[in-house]
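Proteins get letters first, then strands, A, B, ... in listed order; numbering begins at 1 in each.
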Amino acid sequence: MEAASKLDVEAIRADFPILQRKIGGRPLAYLDSAATSQKPVQVVEAMRRFTDHSNANISRSVHTLGAEATEAYEGARAKVAAFIGAPSPDEVVFTKNSTESINLVAYAFQNATIDPAADPRFKLGPGDEVVVTEMEHHANLIPWQQLCLRTGATLKWIGITDAGRLDVESVDDVITERCKVVSFVHVANLLGTVNPTSQITARAREVGALVGLDASQSVPHIPVDVTELGVDFIAFTSHKMLGPTGIGALWAKAEILDAMPPFLTGGSMIETVSMERTTFAKAPAKFEAGTPPIAEAVGFAAAVDYLDELGMENVRAHEKEYVSYMLERLETVDGLQIVGPRVPIGRGATVSFTLEDVHPHDVGQVLDAEGIAVRVGHHCAKPTCVRFGVNATTRASGYVYNTHEEIDRLVDALGQVRKVFR
Amino acid sequence: MEAASKLDVEAIRADFPILQRKIGGRPLAYLDSAATSQKPVQVVEAMRRFTDHSNANISRSVHTLGAEATEAYEGARAKVAAFIGAPSPDEVVFTKNSTESINLVAYAFQNATIDPAADPRFKLGPGDEVVVTEMEHHANLIPWQQLCLRTGATLKWIGITDAGRLDVESVDDVITERCKVVSFVHVANLLGTVNPTSQITARAREVGALVGLDASQSVPHIPVDVTELGVDFIAFTSHKMLGPTGIGALWAKAEILDAMPPFLTGGSMIETVSMERTTFAKAPAKFEAGTPPIAEAVGFAAAVDYLDELGMENVRAHEKEYVSYMLERLETVDGLQIVGPRVPIGRGATVSFTLEDVHPHDVGQVLDAEGIAVRVGHHCAKPTCVRFGVNATTRASGYVYNTHEEIDRLVDALGQVRKVFR
Amino acid sequence: MNLDELYQEVILDHYKRPRGAGLREPFEGESHQVNPTCGDEITLRVHVDGDRVADVSYDNVGCSISKASASVMYELVKDAKVDDALARMAEFTELMNSRGQAEGDEETLEDAVAFAGVSKYPMRVKCALLGWMAFKDALVRASATGAGRQ
Amino acid sequence: MNLDELYQEVILDHYKRPRGAGLREPFEGESHQVNPTCGDEITLRVHVDGDRVADVSYDNVGCSISKASASVMYELVKDAKVDDALARMAEFTELMNSRGQAEGDEETLEDAVAFAGVSKYPMRVKCALLGWMAFKDALVRASATGAGRQ
Ligand SMILES: Cc1ncc(COP(=O)(O)O)c(C=O)c1O
Ligand SMILES: Cc1ncc(COP(=O)(O)O)c(C=O)c1O
């Protein structure tokens with residue numbers, strides 16, 4: 001069946017030194033890419049080359065290293081922008097991770113609310129509404145919760161069906177004329193659901209609300225084109241897409257970035273400064289105070305190059321095929337209950353499940369003894385857990401370097417788990 | 001004279017591959033470490049080892065890689081904490097840079113101000129005062145300026161004498177009973193001044209204000225012990241102290257961190273979450289939402305190890321001796337005017353100057369043609385420039401790998417500059 | 001990894017047949033503890049009679065380690081003097097922080113020595129300590145209401 | 001790096017003896033531009049007469065590149081038709097963005113072709129364009145006041 005995939009998984013694996021590692025004598029089966037992906041040599045080498053050859057602070061020096069570093073950094077921005085189909089590199093703001101990207105937008109509302117001169121679209125108060133979904137990662141829930149707490153606005157959410165899909169029937173009721181911003185997850189990190197966006201986006205437009213996506217789990221796995229999506233902003237993070245930790249991105253329409261007040265302030269984001277008063281640079285500089293993650297941007301760009309080389313359509317095809325195999329094989333395990341869509345349609349290669357009577361911690365521990373790395377817990381999506389009446393799940397997630405054999409080992413080891421705790 | 005230094009500069013240089021580079025046929029003389037330092041192989045190798053062997057997300061997995069990554073990350077925290085004499089690793093919050101560290105504290109005030117249940121020490125309003133100095137980097141000026149703008153508090157500052165020192169005479173007048181927080185630069189990045197802290201700290205205590213330091217230029221260059229300093233918080237940044245970009249730190253007293261409301265919110269910083277309400281974890285987790293810069297923390301720790309091995313007293317001695325030589329030689333250049341202290345006492349190895357009639361951009365360009373990397377511009381300290389009536393300066397800054405010969409080359413090249421623009 | 005070392009017979013036995021489970025009256029102190037990493041939870045009550053822990057009752061969800069640890073704790077502290085119970089807690093905490101270097105004294109820790117292997121797994125140490133943290137907290141609350149030590 | 005390429009004779013000459021410097025009356029549009037990286041500044045005025053740039057006057061602080069560029073610009077646009085001035089600006093901007101690949105047409109750009117070497121130094125391109133940005137902005141303001149193109 002793997003033949004259906006257009007990726008040469010064995011060749012890809014050779015680029016990831018960590019996949020040679022043995023855990024307890026068994027080869028590592030890394031099925032935790034939804035938490036963080038592994039990095040190919042190409043990424044590590046690009047960063048090393050930069051550090052050993054061109055390392056300097058950016059934008060502020062006329063010396064050769066400074067010019068090279070600035071070009072590397074701005075070149076990375078252009079690459080990341082092109083990867084998501086952004087009309088201009090200036091619409092990409094580098095942050096430290098998705099979490100900061102989303103907070104940046106939430107703080108734009110908070111800061112605009114107390115600034116009389118701010119764009120009214122960003123002003124919130126009692127009566128105004130903010131909409132998320134019940135399947136959010138905490139990163140796209142708590143910033144909005146706090147924002148509502150601080151401004152008096154009301155947080156509302158779209159529920160989840162038993163099948164692990166968004167309750168689209170309720171969209172028109174949840175998103176009303178009072179709504180000022182809708183921020184929802186594109187691909188859910190616990191359930192694996194790929195959410196259709198057009199209905200929510202259309203409804204948001206209808207009521208005049210801004211609309212954005214937590215694209216942390218979509219940009220790494222499926223082709224994402226921000227122009228086609230027709231949203232106002234998206235957040236994503238390098239470490240889940242073969243890149244380094246320490247860098248993420250916010251994309252937003254130029255016009256939206258212009259209208260947003262600054263968030264972090266300090267060096268490199270200013271136009272003029274006196275002790276009394278500061279005026280700010282244009283985006284993206286306006287949102288990048290201080291020394292940015294420069295070598296990390298270089299690594300991020302190398303990761304984007306790597307994915308471009310594979311082709312995101314191929315990545316999607318590989319994962320679609322992969323999750324079919326995962327679902328099919330996992331369903332054969334006695335007492336295993338999938339949390340999330342059970343069919344390989346409209347979902348990514350991330351599968352959460354419970355195993356009758358055995359706590360996920362124990363599942364994870366026994367799997368680790370077999371060299372299989374999965375994630376266990378609430379996956380920073382407690383409300384989703386509550387919705388499905390579980391405290392925690394075990395989650396296996398596949399990426400470009402994962403093989404069918406690793407799923408076979410997972411299924412065998414789950415049998416082993418049941419033996420230990422019978 | 002270099003004999004006085006306890007550092008074996010030649011041996012150190014061998015650890016920095018970039019110092020082998022030639023610019024326009026001349027060996028690179030990197031005199032821009034105040035902007036960002038270079039990284040030794042030890043740092044790059046530690047990060048690579050981590051990436052190729054233990055890369056995983058932290059704190060949330062029971063698998064072997066996850067446990068190793070968590071230990072590496074928390075081990076890095078313990079090392080950084082020990083390096084600055086922090087009583088506990090839990091008092092160190094990892095951020096992306098100094099700028100974020102300072103913003104984190106400023107937003108604690110902003111968020112506390114609108115939270116009725118918050119600690120009154122963090123509440124600001126009209127009549128309250130915030131104090132900085134006139135020699136701040138924008139990173140320790142604009143966040144406070146914005147905070148005052150948003151809360152109605154008043155920003156005040158301690159001036160600079162003609163000799164480039166803080167005007168300590170004015171301290172009692174500037175810091176009054178209305179003052180709630182004093183945040184000032186420990187070592188100034190444009191002037192090179194090392195500010196004495198005890199008088200300001202004592203005055204802040206007297207009036208019951210919190211007091212913190214922008215230690216971005218001190219932690220890399222002189223021994224810093226937070227307990228001895230007796231302040232409430234300090235901010236510093238890895239990339240200026242031989243470590244990677246993408247990570248910085250905020251140290252604050254445990255009791256202060258406890259009292260501060262969260263800043264960025266999302267995963268890993270929570271205790272419990274429902275759609276309606278969230279409770280937060282204890283510091284440092286409370287302030288580290290999302291996936292942190294994990295490999296960067298490993299690199300940061302390796303940089304701290306490297307500096308520990310050199311010995312910060314030796315680093316200080318080397319730089320003291322180095323700046324004596326810099327000042328002595330630079331004073332021989334016709335038309336050169338030093339901006340900042342002209343004696344090697346109470347100052348670091350960072351020297352700003354102007355060259356009669358030649359714009360710093362042009363100075364930097366000609367120096368670059370000679371392989372000498374200096375920084376030109378306002379160095380993110382515009383108010384300091386205004387204070388000294390200059391638009392920009394040229395700045396040469398030394399670190400552990402710099403030689404006297406590089407200063408000799410600088411001085412010769414400055415002669416060259418004058419020839420071009422005569 | 002040696003699974004048997006982590007999941008010793010005695011741990012699995014306590015997990016499958018937890019001793020003293022369920023919430024009972026009377027009690028002077030109650031504590032609710034959560035492990036934010038995995039969502040494990042315990043609600044625990046102590047009933048203090050003079051200088052004695054007359055009862056410990058609890059309701060918990062969690063992994064085998066956290067459930068077994070609560071059950072073993074019940075056996076160790078029930079009917080013990082408050083001071084002895086706290087001494088055992090200190091001893092157990094030390095064992096858990098030993099990173100596989102200590103074995104534990106079977107004389108005082110009884111079945112709890114089976115957790116020595118857990119100390120090699122930093123991610124699981126929190127699980128083993130969750131019940132004890134609830135016990136300590138409940139005791140503090142009990143003494144605040146006038147019961148217990150003073 | 002080839003210094004001579006960057007600092008051509010003609011650039012140094014304009015730098016040392018800037019043409020048209022100083023602020024003059026009358027003017028219909030004024031613009032103030034800052035290069036946030038280095039703090040260079042220019043205040044520039046345009047006096048438009050019908051479809052002609054009757055005068056450009058300016059006061060600036062900055063490096064040799066930015067000062068020479070303003071001086072060269074003065075020579076290029078003073079007394080030119082507004083449309084021709086804008087065409088030259090487009091041409092010069094293109095030259096500056098050529099990354100050392102273009103030479104510039106001496107016929108139309110005159111002394112400004114000396115800046116071809118600057119295009120290899122991305123950090124300096126902004127310096128060379130600062131005066132032109134002020135010119136463009138001042139023209140916009142002038143036309144807003146009713147002078148100039150319409
Ligand atoms: C004194 C001072 N404060 C703050 C900063 C900001 O550091 P970072 O850019 O790492 O946030 C710098 C360096 O640019 C500095 O020199
Ligand atoms: C859907 C989703 N949103 C947000 C995040 C947060 O990403 P980061 O931790 O890089 O900020 C994650 C990953 O943990 C995620 O899966």
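- Residues B:Arg13 and B:Tyr401 come closest through the heavy atom pair NH1-O, 2.6 Å.
- The shortest heavy-atom contact between D:Asp49 and D:Ala54 is CB-CB, 3.8 Å.
- Under the 30°/60° scheme for interplanar angles, the aromatic rings of B:His138 and B:His378 are found to be tilted.
- With a threshold of 4.5 angstrom between heavy atoms, D:Lys16 approaches chain B through side-chain atoms but not through N, CA, C or O.
- For B:Val420, the parts lying near chain D are the backbone and the side chain together; criterion is any non-hydrogen pair under 4.5 Å.
- With respect to chain D, the highest number of heavy-atom pairs below 4.5 Å among B:His359, B:Arg26, B:Lys382 belongs to B:His359.
- Closest of all the heavy-atom pairs between D:Leu76 and D:Thr108 is CD2-O, 3.4 Å.
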